[in-house]
Enquirer: 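Please see the structure below; I have some questions.
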2 protein chains.
Amino acid sequence: MASPSRIGAVTSSVVSSKFRRVYITTLKSVAAILALRNGGGVPMIDPRDRPPANSHRRVVIDAIRPNVDDGKHPIKRVIGDRLLVEADLLVDGHDRLAGVVAYRRKGSLEWLETPLSPAAGAPREVDAAAVQAPDDRWCGELVLDAIGQWEYTVIAWVDSWASWTWGLRRKVAAGQSVDIDLRGGASLVAAAAERTSADAAVDRVALRRVEQLLREGPDTGARIATALAAETGALMRAHADRDGATTYDPPFIVVVDPPRARFSSWYEMFPRSCGSNGKHGTFRDAEDRLPYIAEMGFDVVYLPPIHPIGRRHRKGPDNSLTASPGDPGSPWAVGDAAGGHCSVHPELGTLEDFRSFVRAAREHGLDVALDIAFQASPDHPWVGEHPEWFVRRADGSIQYAENPPKRYQDIYPFDFTGPARDSLWLELRAVFSHWIAQGVMIFRVDNPHTKPIPFWSWCIGTLKERHPELIFLAEAFTRPKIMYGLAKAGFSLSYTYFAWRTSKAELTDYVRSLVNTEVREYFRPSFWPNTPDILPEHLQLGTRATFIARAVLAATLSPSWGIYGPPFELQEQKARPGAEEYAGNEKYQLRSWDLSSPHSLRPVLRRLNQIRRDNPALQRLEGTVFHETDNDLLICYSRQSEIDGEASTLLVVVNLDPHHSHSGWLSLDLNALGLSPEAGFQVHDLISDARYLWKGSRAFVTLDPAAMPAHIFRVRRHVRSERTFEYYL
Amino acid sequence: MASPSRIGAVTSSVVSSKFRRVYITTLKSVAAILALRNGGGVPMIDPRDRPPANSHRRVVIDAIRPNVDDGKHPIKRVIGDRLLVEADLLVDGHDRLAGVVAYRRKGSLEWLETPLSPAAGAPREVDAAAVQAPDDRWCGELVLDAIGQWEYTVIAWVDSWASWTWGLRRKVAAGQSVDIDLRGGASLVAAAAERTSADAAVDRVALRRVEQLLREGPDTGARIATALAAETGALMRAHADRDGATTYDPPFIVVVDPPRARFSSWYEMFPRSCGSNGKHGTFRDAEDRLPYIAEMGFDVVYLPPIHPIGRRHRKGPDNSLTASPGDPGSPWAVGDAAGGHCSVHPELGTLEDFRSFVRAAREHGLDVALDIAFQASPDHPWVGEHPEWFVRRADGSIQYAENPPKRYQDIYPFDFTGPARDSLWLELRAVFSHWIAQGVMIFRVDNPHTKPIPFWSWCIGTLKERHPELIFLAEAFTRPKIMYGLAKAGFSLSYTYFAWRTSKAELTDYVRSLVNTEVREYFRPSFWPNTPDILPEHLQLGTRATFIARAVLAATLSPSWGIYGPPFELQEQKARPGAEEYAGNEKYQLRSWDLSSPHSLRPVLRRLNQIRRDNPALQRLEGTVFHETDNDLLICYSRQSEIDGEASTLLVVVNLDPHHSHSGWLSLDLNALGLSPEAGFQVHDLISDARYLWKGSRAFVTLDPAAMPAHIFRVRRHVRSERTFEYYL
């Protein structure tokens, strides 16, 4: 460790204000201070150190979950979700507590409330002490029924009535005299009557009557019965004394997104390859492709950048440095004389054609996702109009992208933190606004990790204030914490390492890192077996079964998944030698694909997407559990979710070896599946439609990749009797 | 879940101010907004949503550790500790980062700095990318060399010079032309020269010279050499561009306590039992007991309340409801006509006698800890002077303590949240101030969990502002989260469940819950085998070995431990039938003890406390590791700590069966012990002085409780050669 160095006065907003504060010291507190019999030379307590104004608030609220970084970032949910909020409520002594989760849509002045009760597993009543929640853990649940930001927090107070009745019950049981206690209870009721609002006159009358009965009831038994009556309890709860209530502040935020921010099936394609006879495709051609995509069950069609493509330093086929005159260039080299980020490549059509494409997609149940790549080709209009948005080299030229020693002279990055950053940021955000105005609500953002995280916080944050239904997918393949940082900054979904996680151990560890940690509160994965940039080795060397297995894994391990087609369904395997990249990559050239090939995975993909739609368990990440198998080439996992009391349980087994048949024993975690060891259960393969009757935790499976490398079982519990159960078979 | 109920406008400080804020919109940004080609009916972005003022700060600082609840409560350390601060530093792209831990004593205007470097395990340089810390984790260490509150935070920035030299190196290696780059570097150096302060004229000249060499050096090789020279790097680091630095705000707080807040050996005794011939003991008599206590190696002598004792409802022997005239009563029934919490029981002597006792104790290296019990006997002067500090029953009488159906009519609790709470809180704090003035710096607080947690936050917080050296021990035997809540509120030390954790599994789980979780940052345990309230069953039924084993466990598992003597060292086992309480309890009567009994554990306790003093590993909790044994009655654990590069390693084995000899194999976690599987090592039993030469992870032990139920080994690594090592044997 280097020795500490003294530095000049560093600005800090945290100079304690305690010494500057001036209190109006009352005579009474001065008297109390003087009562201090100060015997030695010890400095006296500063009389300004008065007890805090909220010193009557005894309840401490702690460890509210869920949250991200103690509320620095919002948690994420989708519309319709139930949000279970948990908190520790701590109080001194034996008193009983009550509390609520308070919540509201951000901006609303009115808070809603849902009561807190002891958290699951904690018995409601522990007779040995007044503790309602033995581990001091409470919970309350609310429904997020609108898209947008919501606030939630916890309010808790000492429930003086419940504390009093608890004591009364125990004294009565011990045969003690409770006359004075009942008079004390009457005072509590009188105070509640005082608290009733003008529109609760009925309650006020009722409380006055209870008070009278407690004071002057016909006999002690009747007075006790009145005190403990359910109606009395309800009245006292309705007019509880919240004067000493503690409110956790500031509240936490939950971003409520549309369902596709979590559960979506993406199909990426190049519209320019949709033309016939090798011609440059148009949006009109792409429209014709929509039924094909929709029929496979996808719900998001994602297009690479659709803007004019730069000409200077244009890349030729397979990323070669020189392009021939006919080469179309990379769509990620954005901008030429025809326009930049708000323009449409003339060969694709017009802005109106694009809007028509968006409308047609919607008619097929598809949202259009647009690729936003914040970088400019040397021919982008902004290079001339806004040279201040770019970094200049020492020779006055504009700095091209580089990752030394690699140079990308066809790409100019923006100077996000330079002196002109304000106008640049505004203009970049305006790019989103422009496409939102064309009907686009989903954006796939190219390389967001090479732009400042604070830019995304601001850009996405302010856009979603106006358009809370927006969805942003981060195309970041970088270190985990940067990816998580982008998710915290506001991205709804993120690409993942799935493409490179192939073994049972890798897949298990990776999914667990997303499901079993706080990461699940803000980072939503999207699993892609391939992209135009990624043709992983196992797809190059695999079989048809490899493609199916990867699709099954992606589609069942992650609620959001996607493929780059048609190469995926056509099982394109040809790679640029030595690279995990497609040969003849569509990024740099037009390709035409034989969609009618009998070899196509179309039917399999359709089945997979149908299974995803039919089974709520596949529509969220929670509840993913891996089960042991005695064969490392067989991976087994389940996902269970309960919607309105109805359990949806899927159990998946995949053979990771595309060449050989594998058998093995599964050791099922019956608890995770909600099954008892005694009762049989049915597993129904949703791919083959075969049904099996299993019992207990051990089950034997065989998967032949030449036939089908995976089971996707729906698990059906034995509901009523063996007879009913057989009926299902 | 109950359906949400609408409630009236709840006060909240969190109405977003965004809509109220008014920005001065520059013409330029208006132009940028107008450039938005808004095609549809989508609302425009509000032009007031400008980029934030700090939009040039690219580095995001996250996950700073250690902290408690993200800084809501301070972490705790003792003077002399090194504090290792870790943080994630996230930045877009490939740039290199630099950062510091900034820290200062609270109230100081000047921040100190210690540099951040990649966290342990992360290679300094990963050539594949510009990433310095592959997991984005950084750390810096500082020394806390004064008692009191300190602030710490992290500042980080893009190191433009390091980023530039990194690129330069790679371009040079690839044989690329770097002429323009060198001119860019010269500009960076020129900017650094501009930043030099007036008192760094030498550096300014040096930087100007470097700039010139970079621009006009004799040849490219010399220019590159200048750029990459260590001196250039040092100059550029000294004058780094921190304009875009991110400072994590607000800073975290660490409370730095005196060493005994963590490492202390307590001896509790009743001074009134120190008299001879059955007479009521005095402080003078207690002074005579000090050499006996000091000789056993204790460093804190703790006295139950020393105030006048109430007479009304006074308890007789063994907590009986009626006292005979000669019965002294319980010291916890505080106050009678002679005075209250600031007075001394007349039979113990005078305030001056007490001060003399404190001085005498100090001369023996002992601190005096005083028991503060915030409750009053019915005879306490405050009952008459301040009836407003007590709760009244419906019949006008003062509410005594109760836990229905139990009644404690000799005790009046205070009304901590009643209308007179302000004056009560001030007066209670003044009680501490009074005893501080008599020289007491350590307080053992009776039943703090029956007083509001916010009271303790305020009371301890404001007292420690004046007297940062104060130590507060919480006598809270209640639910874990309440105990943790009190520690977060400011208690330095806490009683624990140790007295009831007896099996290997119980001890292991309990210690792990304190060591391996965030709890260690704020909750400091004190392990007590017995107290006047607790004579656990295993001590009642055990043997001498039980007492020794419990002392060894307490003294080696927790840096702070204590006993209630003389009953502990004399192995008093007689309990009130059916209770885990002493028969003839000193709480209610005088006892005289035969301190010279040959049976006494005095020598064992002396040895134990000596071992604790000699071995830094026992003076802190961190580094506790449990090792497997194949016999459940043998528990084995180690603690390792490194002070100034010197490792202190203790390995403890205890036979938990006081009746039978037990043998077994240990499976040592050599990694945790800092040992290699190949090299032999010496274990030196600090109790018996026996030495053994072990090798590898397996070792065999036998412990006969009739002789000694524990080994406390100092582990000595094989330092130089086998020969040197043999010398140690």
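Quick note on labels: first sequence line is chain A, next is B, and so on, each numbered from 1.
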Enquirer: Among B:Pro405, B:Gly93, B:Ser197, which has the most heavy-atom pairs under 4.5 Å with chain A?
Expert: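 Looking at each option in turn, the highest pair count goes to B:Pro405.
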Enquirer: Among B:Lys488, B:Arg392, B:Arg407, B:Lys406, single out the residue with the greatest number of heavy-atom pairs under 4.5 Å to chain A.
Expert: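 Between B:Lys488, B:Arg392, B:Arg407, B:Lys406, the count favours B:Arg407.
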Enquirer: Does A:Ile436 reach the side chain of A:Arg466, with side-chain heavy atoms less than 4.5 Å apart?
Expert: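 The answer is no, as the side chains (C-beta and beyond) never meet within the 4.5 Å cut-off.
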Enquirer: What I'd like to find out is whether the side chain of A:Leu426 reaches to under 4.5 Å of the side chain of B:Pro51, using heavy atoms alone.
Expert: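 Answer yes - side chains close enough.
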Enquirer: Among B:Ile180, B:Val431, B:Leu90, which residue forms the greatest number of heavy-atom pairs with chain A at distances under 4.5 Å?
Expert: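 Looking at each of B:Ile180, B:Val431, B:Leu90 in turn, B:Ile180 comes out on top.
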Enquirer: Heavy-atom distance under 4.5 Å between the side chains of A:Thr153 and A:Trp111, does that happen here?
Expert: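 In contact.
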Enquirer: Using 30° and 60° as the class boundaries, would you call the ring planes of A:Trp458 and A:Trp425 parallel, tilted or perpendicular?
Expert: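 The arrangement is tilted - the two ring planes meet at 30° to 60°.
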Enquirer: Got B:Leu112 and B:Arg104 here, is their nearest side-chain heavy-atom distance under 4.5 Å?
Expert: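 With C-beta onward as the side chain, the pair stays apart.
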Enquirer: Side chain, backbone, both or neither: which part of B:Ser187 has an atom under 4.5 Å from a heavy atom of chain A?
Expert: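 No part of it gets close to chain A.
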Enquirer: Select one option (side chain, backbone, both, neither) describing which atoms of A:Asp422 are under 4.5 Å from chain B's heavy atoms.
Expert: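 Both backbone and side chain.
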Enquirer: Is any side-chain heavy atom of B:Thr246 closer than 4.5 Å to one of B:Val60?
Expert: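 Heavy-atom side-chain distance check fails, nothing below 4.5 Å.
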Enquirer: Is B:Arg57 in contact with chain A via its backbone, its side chain, both, or neither, using a 4.5 Å heavy-atom distance?
Expert: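 Answer is backbone: N, CA, C or O of B:Arg57 sit under 4.5 Å from chain A.
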Enquirer: One thing to verify: whether A:Arg82 and A:Glu141 come together as a salt bridge, which I'm taking to mean a side-chain N less than 4.0 angstrom from a carboxylate O.
Expert: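 A salt bridge links A:Glu141 with A:Arg82.
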Enquirer: If you count heavy-atom pairs under 4.5 Å between each of B:Ala186, B:Ala394, B:Pro480, B:Ser457 and chain A, which one has the most?
Expert: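 Among the listed options, the one with the most contacts to chain A is B:Ala394.
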Enquirer: Counting heavy-atom pairs under 4.5 Å with chain B, which one of A:Ala174, A:Pro448, A:Pro52, A:Gly485 comes out on top?
Expert: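 Looking at each option in turn, the highest pair count goes to A:Pro52.
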Enquirer: Between the side chains of B:Thr417 and A:Arg58, does any donor sit under 3.5 Å from an acceptor?
Expert: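 Per modelled atom types, B:Thr417 and A:Arg58 side chains form no pair under 3.5 Å.
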Enquirer: I'd like to verify something: which residue of B:Gly167, B:Gly184, B:Pro413 has the highest number of heavy-atom pairs under 4.5 Å with chain A?
Expert: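 Maximum pair count with chain A is reached by B:Gly167.
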Enquirer: Give the member of A:Arg183, A:Arg393, A:Arg421 that has the highest number of heavy-atom pairs under 4.5 Å with chain B.
Expert: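 Heavy-atom pair counts peak at A:Arg421.
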Enquirer: Heavy-atom pairs under 4.5 Å with chain B: which of A:Pro404, A:Ala489, A:Gly418, A:Gly439 has the most?
Expert: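 Greatest number of close heavy-atom pairs with chain B: A:Pro404.
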Enquirer: Going by atom types only, do A:Thr462 and A:Arg429 share a side-chain donor-acceptor pair under 3.5 Å?
Expert: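 The answer is yes; a qualifying pair exists.
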Enquirer: Chain B heavy atoms under 4.5 Å from A:Lys451: which part of the residue, side chain, backbone, both or neither?
Expert: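 Only the backbone of A:Lys451 comes within 4.5 Å of chain B.
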Enquirer: What residue in B:Val91, B:Leu351, B:Asp395, B:Val59 has the most heavy-atom pairs under 4.5 Å with chain A?
Expert: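 Of B:Val91, B:Leu351, B:Asp395, B:Val59, B:Asp395 has the most heavy-atom pairs under 4.5 Å with chain A.
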